[in-house]
There are 2 protein chains.
Amino acid sequence: MATIYEVSKLAGVSLATVSRVMNNNANVSDATRKKVTAAMDELGYRPNSIAQSLASNCSNSVGLLVSELQGPFYGPMMSGIENTFRNQGKHLIIAAGHSDEEREKQGIEFLISRNCDGLILHVEAVSDDYLIKLSKGRTPFVLINRYISELSDRCILLNNIKGGYLAAKHVLEQGHKDIAYISGPLWKRDAKDRLEGHKQALAEFNLEFDENLLFQGDFMEASGYEGLKSLHQQTHPFTALICANDEMAVGAMASARDLGLTLPKQLSIMGYDNVFFTRHVYPQLSTVNYPIDEMGRMAADWVLNHVYQKQTPPLQTLFEPELIVRHSISRQSAQITSQG
Amino acid sequence: MATIYEVSKLAGVSLATVSRVMNNNANVSDATRKKVTAAMDELGYRPNSIAQSLASNCSNSVGLLVSELQGPFYGPMMSGIENTFRNQGKHLIIAAGHSDEEREKQGIEFLISRNCDGLILHVEAVSDDYLIKLSKGRTPFVLINRYISELSDRCILLNNIKGGYLAAKHVLEQGHKDIAYISGPLWKRDAKDRLEGHKQALAEFNLEFDENLLFQGDFMEASGYEGLKSLHQQTHPFTALICANDEMAVGAMASARDLGLTLPKQLSIMGYDNVFFTRHVYPQLSTVNYPIDEMGRMAADWVLNHVYQKQTPPLQTLFEPELIVRHSISRQSAQITSQG
DNA sequence: ACATTAAATGTAAGCGCTTACATTTATAAC
DNA sequence: GTTATAAATGTAAGCGCTTACATTTAATGT
């Protein structure tokens, strides 16, 4: 591999000049610039990015921590982020935190030790305090889907209260009055917010939230399955089920089939997130759109702006959900009676 | 940030000694090793990985190029790879090639310019020649889902002929005789192989492959939709449809519904890949398992072995597909008649 | 006690760049 | 033709490590 030294010799200039043309420094005459680029071409020179990083104290890499590399939710987010950065010559180092405190911390440590210039974090298990302390460190970061008031300018969020509200309102407007709810883990902010929006809509329709119709899941498919099974066994009847995300909704659909319920006639089911497979399930799932790809791109812009001082479109931290109506909500007709 | 120099001063030893304890060099007495680690702790020292890379000429990073960061296929693959590498302190730089020749080349260039020690490539558009030339370069790489005879020892493959065979055989065993087929782009090796296996099974059942029942798709959902629509319009009747991947199968399912066909009674549909949403569609899709996660891990092991000289479990390049029977194939009964 | 050898530690060069500062060269003003 | 000023280029010191080689110290045999 040719080095800058060989280029400088071939071009008959100093190291510094070669470095200047590489970095588009203005103070280089056209003549020498041409000599240098010619020499580079001749030698097939490629700058050594490691050496550049060491000398300039900038690794041009940004770390991304997500819970999982797989699954319908993170894909679009990573995709938007990668795209933004590659166009800027930055690279993306990706790690997975698996929603586990220890592994999330390790992941962050790992990315920092890799000299990332900035971090994009989608973390769930790590504490607010930890993140606040982290924010005092040398590596700037932005949070996706997490709100910490002390760090509010770097939290990129969905308005989950509104989303919960939209979902419930839609179901209510279809005439449902007895609505069960499978939430996420309620210590998680997003799960709590979605439920709060849900309750707001109920209140608007002068309905009380029935705690018996609440099942706390964990955002994973299996808990949707278990959730409906459990709700179905208790005595309060319901005609619709709202799930705090699509995965649980799909689990609930499977459960409904096992219980012999016809969808959506005997039970309406609503999801949340609008992951791509919601179009593929049958009946197609009505849900709430979570513009995770846009939010990913926004996080990337945040880094470009705050870490690399690039011009970006104006930064936005709060995103709005949107109702997606498909075919999983029926107009209220029959009522499930519990079997208890 | 503390540097090795400060550690050495605090511990009262030389730079080299500090470096030695970092790298677990054997020739360090226990006493000094303790002094040094104590100093490190006291200073909160973290090695600068960029400097390490420059000095050791090893970046400890491996590049991964996939077609898309999203989608059900690549997620599990990335996940397996990330896991393997993180446990070894290597990091993963991910880029997307979008099945486009220019972008794939750019992606590879990008990863190489980032001083990756090795590459894992899932490329589709780039030519064999390009890859053969690339193999002469300084950065070793392994290919997933691509066969080039000159590079056969670094091609990690699924036995697609077998997979195509298994799918067809299962459908034939259920009594179907008129079987339509939506293939991938036939210039792609995997698409061709799957079709070849399909034909083998047909031959085994003394059936001829009917070219009228072949539609060439592009592995994407929309082409599955179009494919079935088109096949349905021609004159040859068929009772089953085999698709060369799950995405197209799902597209075909939507198409079938739009055509008013009851699944699987009036039309049996078979997929390929066993991506996770095949369980969620209705009826649940019978398919062929593609152990992409294992193959990803194997690719990671290949890199560990060939690039970092690590001990790994024995390397395997050919993986076997497996039939997954769900509910989308009926025992042969009614026949669709074409509308032509 | 002394030579012989192995183990532990230190010295210093170098990895391929960037960049502050010094120097040279061109340009303009009088 | 000087001198002042700006533009272009060069010099050399790092960035924070690794590692070949040199040196010192400890262990062993006699």
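Here the structure is a predicted model, which is why all the values come from computation and not from measurement. Chain naming here is simple, since letters A, B, ... match the order of the sequence lines and numbering starts at 1 in each. Just so you know, these numbers use all the heavy atoms, side chains as well, and skip hydrogens, waters and symmetry mates.
- Within residues 19-34 of chain A, the residues approaching DNA chain C are A/Ser19, A/Arg20, A/Met22, A/Asn23, by heavy-atom distance under 4.0 Å.
- When only modelled atom types and interatomic distance are considered, B/Asp117 and B/Asn60 share no side-chain donor-acceptor pair under 3.5 Å.
- A ring pair (Phe, Tyr, Trp, His ring centres under 6.0 Å) check over residues 39-96 of chain A, counting only residues at least two apart or in different chains, returns the pairs A/Phe73-A/Tyr290, A/Tyr74-A/His122.
- Distance CG (A/Leu15) to P (C/dA22): 19 Å, rounded to an integer number of Å.
- Under the 3.5 Å distance criterion, with hydrogens and angles disregarded, a donor-acceptor pair is assigned to the side chains of B/Thr32 and B/Ser29.
- A distance-only check finds a donor-acceptor pair linking the side chain of B/Thr37 to the backbone of B/Arg33 [under 3.5 Å].
- Residues passing the ring-ring contact (aromatic ring centres under 6.0 Å, His included) test with A/Phe141, sequence neighbours excluded: none.
- For A/Lys310 and A/Asp301, the salt-bridge test fails: no basic side-chain N is under 4.0 Å from an acidic carboxylate O.
- Across B/Arg103, B/Lys188, B/Arg189, a single residue satisfies salt bridge (charged side-chain N to carboxylate O under 4.0 Å, His left out) together with B/Glu124, and that is B/Lys188.
- Each end of the helix from C/dA1-D/dT30 to C/dC30-D/dG1 gets its own axis from five base pairs, and the two axes differ in direction by 30°, given to 10 degrees.
- Contacts of residues 41-61 of chain B with DNA chain C (heavy atom under 4.0 Å): B/Leu54, B/Ala55.
- Residue B/Val13 is in sugar-phosphate contact alone, with no base atom involved, counting any heavy-atom pair closer than 4.0 Å across all strands shown.
- Taking atom CD1 on A/Ile4 and atom P on D/dA12, their separation rounds to 16 Å, with Å as the unit.
- For the pair B/Ser14 and C/dT11, the criterion of a side-chain N or O lying under 4.0 Å from OP1 or OP2 is not met.
- Partners of A/Ile112 under the side chain to side chain contact (heavy atoms under 4.5 Å, CB included) rule, at least two apart in sequence or in another chain, are A/Ile108, A/Leu119, A/Leu134, A/Arg138, A/Thr139.
- A donor and an acceptor atom, one from each side chain of A/Glu68 and B/Ser79, are nowhere located under 3.5 Å apart.
- With respect to the salt-bridge test (charged N to carboxylate O, under 4.0 angstrom), the residues A/Arg297 and A/Asp293 qualify.
- Minimum atom distance to the side chain of B/Ala16 is reached by C/dG10, of the listed C/dG16, C/dT19, C/dG10.
- The existence of a salt bridge linking A/Glu109 and B/Arg46 is confirmed by a sub-4.0 Å separation between a basic side-chain nitrogen and an acidic carboxylate oxygen.
- The NZ-C1' distance, from A/Lys35 to D/dA8, rounds to 11 Å in whole Å.
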